[in-house]
Amino acid sequence: MENLTAELISAIGTPRFNDSLLALASFGLKADASAMIVLSRIGPPRVLIDHLVPGERANFYGDYLAGVYRLSPFYRSAVEAHVPSVARIVSIAPDNFRASEYYRRYFGLIGVSDMIGILLRLNDIETIFISFSRNRGHDVFTVVDVKSLRERLPVFAAAVARHTELASPRGTSRPRAVAADPRRGRLTSREAQVVDLILEGHSTRSISGKLEISVETVRVHRKHIYEKLGVGSQGALFNWFLASIGRQA
């Protein structure tokens with residue numbers, strides 16, 4: 001690992017940086033697939049490195065990058081500034097994650113049984129997300145895997161910060177945050193938040209806690225959302241979500 005750490009340090013500010021960062025993160029970690037992308041609060045992800053299996057790649061470059069990434073627990077963690085961090089998906093997923101349409105119609109179909117992710121702040125708007133996944137039939141990631149990555153987290157974060165500093169000339173402006181997503185048209189900003197949380201797999205009580213509103217208010221928002229969109233189930237709501245991002249339901 002010392003050689004990989006030295007290589008990462010020497011790669012700071014060079015085109016080798018991304019490969020070196022992923023190589024150090026991968027050390028000692030058995031995974032069937034990995035990827036490194038940039039998550040943004042104001043636009044779609046940017047793919048830096050892709051080591052995905054064929055079945056996963058089709059979905060990744062399809063629905064995920066088109067907008068389904070917004071329903072990922074790791075995207076939620078990035079938006080809520082839980083960075084730098086390392087976590088298994090099961091430790092940050094919502095309470096109803098496995099019953100959600102996102103899980104049933106996306107995550108549950110890509111053949112992945114477990115995922116572990118690293119989130120590293122790139123700037124005020126963007127976060128680097130490094131993911132490692134294991135396919136069904138393989139053992140899940142362990143607490144030892146998480147501990148090993150967390151021990152290296154300060155090195156990852158410092159390297160990214162220095163690389164970003166060298167790669168961004170002084171005076172270069174960073175992307176600025178924009179107002180809440182207006183693309184949903186008929187929905188208010190709060191209702192759009194509730195839609196995302198429903199589809200991510202949050203229960204009514206969990207949504208209440210995250211948005212700091214009452215359970216009854218959440219129920220009222222859900223009722224208005226369903227009425228405005230003319231849907232009667234979470235499945236129909238997910239179809240509307242796909243249509244709203246330009247994907248085929």
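None of the values given here were measured: they were computed from a predicted structure.
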Between I92 and A87 the two heavy atoms that sit nearest each other are CG2-CB, 3.8 Å
Please, which pairs that meet salt bridge (charged side-chain N to carboxylate O under 4.0 Å, His left out) have at least one residue in residues 2-21, sequence neighbours excluded? E7-R16
With heavy-atom distances below 4.5 Å as the criterion, would you say the side chains of N96 and P94 are in contact? no
What pairs with F156 under ring-ring contact (aromatic ring centres under 6.0 Å, His included), at least two apart in sequence or on another chain? none
What salt bridge (charged side-chain N to carboxylate O under 4.0 Å, His left out) pairs are there with at least one residue in residues 128-154, not counting sequence neighbours? R134-D145
Between F17 and H163, what is the ring plane arrangement, given parallel below 30°, perpendicular above 60°, and tilted in between? parallel
List in chain and number order the residues that pass side chain to side chain contact (heavy atoms under 4.5 Å, CB included) with N59, two or more places apart in sequence or in another chain; answer none if no residue qualifies. Y106, I110
Side chain to side chain contact (heavy atoms under 4.5 Å, CB included) partners for V140, two or more places apart: R88, D114
When rounded to the nearest 0.5 Å, the distance separating CG of L153 from CD1 of I118 is 7.5 Å
L120 side chain reached by T127 side chain, heavy atoms, under 4.5 Å: no
dist M1:CE -> S148:OG (nearest 0.5 Å) comes out at 6.5 Å
Heavy-atom nearest pair, P44 first then Y69, reads CA-OH, 3.6 Å
Decide yes or no for I130 and L119: does some side-chain heavy atom of the first lie under 4.5 Å from some side-chain heavy atom of the second? no
Inter-residue atom distance Y102.OH - F241.CZ, 0.5 Å rounding: 10.0 Å
Quiz: residues 25-37 side-chain donor-acceptor pairs under 3.5 angstrom, not counting sequence neighbours:
residue : atom : partner : partner atom : Å
S26     : OG   : L22     : O            : 2.7
D32     : OD1  : H138    : ND1          : 3.2
D32     : OD2  : N135    : N            : 2.7
D32     : OD2  : H138    : ND1          : 2.8

When hydrophobic residues are tied together by side-chain contacts of less than 4.5 Å, even through go-betweens, does V220 share a cluster with Y226? no
Checking S131 side chain against G117 main chain: does a donor-acceptor pair fall under 3.5 Å? no
By salt bridge (Lys or Arg N to Asp or Glu O under 4.0 Å) - contacts of R46 (at least two apart): E126
Could you please spell out the steps behind the ring-ring contact (aromatic ring centres under 6.0 Å, His included) verdict for F107 and F97? CA-CA 10 Å; F107 193 85; F97 180 62; 5.8 Å; yes
Under a 4.5 Å side-chain heavy-atom rule over Ile, Leu, Val, Met, Phe, Trp and Tyr, are L65 and V112 clustered together? yes
Specify the closest pair of heavy atoms between L149 and I116, including all atoms of both residues, with the distance to one decimal. CD1-CD1, 3.8 Å
Would you call H221 and I207 a side-chain contact if the rule is heavy atoms closer than 4.5 Å? no
In the single-linkage hydrophobic clustering (I, L, V, M, F, W, Y; side-chain heavy atoms under 4.5 Å), do F238 and L109 co-cluster? no
Apply ring-ring contact (aromatic ring centres under 6.0 Å, His included) to F74 and list each qualifying residue two or more places apart in sequence or on a separate chain. F129
Any side-chain heavy-atom pair of I128 and V160 under 4.5 Å: yes
Examine L211 and I225 and state if one hydrophobic cluster contains both, with Ile, Leu, Val, Met, Phe, Trp and Tyr joined whenever side-chain heavy atoms are less than 4.5 Å apart. yes
Going by salt bridge (charged side-chain N to carboxylate O under 4.0 Å, His left out), name the pairs with one or both residues in residues 49-58, residues two or more places apart or in two chains. D50-R57
Salt bridge (charged side-chain N to carboxylate O under 4.0 Å, His left out): pairs with one or both residues in residues 206-232, sequence neighbours excluded: E80-K210, E191-K228, E216-R219, K223-E227
Show the nearest heavy-atom pair for residues A11 and S20, with the distance to one decimal. CB-OG, 3.5 Å
Working to the nearest 0.5 Å, report the span between CG of L166 and OG1 of T14. 10.0 Å
On a heavy-atom basis, the closest approach of R186 and W240 is NH2-NE1, 3.9 Å
According to side chain to side chain contact (heavy atoms under 4.5 Å, CB included), who are the partners of A158, at least two apart in sequence or on a separate chain? none
How long is the straight-line distance from CD1 of I12 back to CD of E165, given to the nearest 0.5 Å? 10.5 Å
With respect to N239, which candidate in Q234, R105, E101 satisfies the side chain to side chain donor-acceptor pair (under 3.5 Å) definition? R105
Only one of R76, R70, R98 passes salt bridge (Lys or Arg N to Asp or Glu O under 4.0 Å) with E200; say which it is. R76
Is the closest side-chain donor-acceptor distance between S203 and D95 under 3.5 Å? yes
Taking every heavy atom of L39 against every heavy atom of A78, the minimum-distance pair comes out as CD1-CB, 4.1 Å
V83 reachable from V79 in the ILVMFWY side-chain graph, under 4.5 Å edges: yes
Residues which pass side chain to side chain contact (heavy atoms under 4.5 Å, CB included) with A81, listed by chain and number, not counting sequence neighbours: R41, R121
State the CG-CG distance between L199 and L237, to the nearest 0.5 angstrom. 4.5 Å
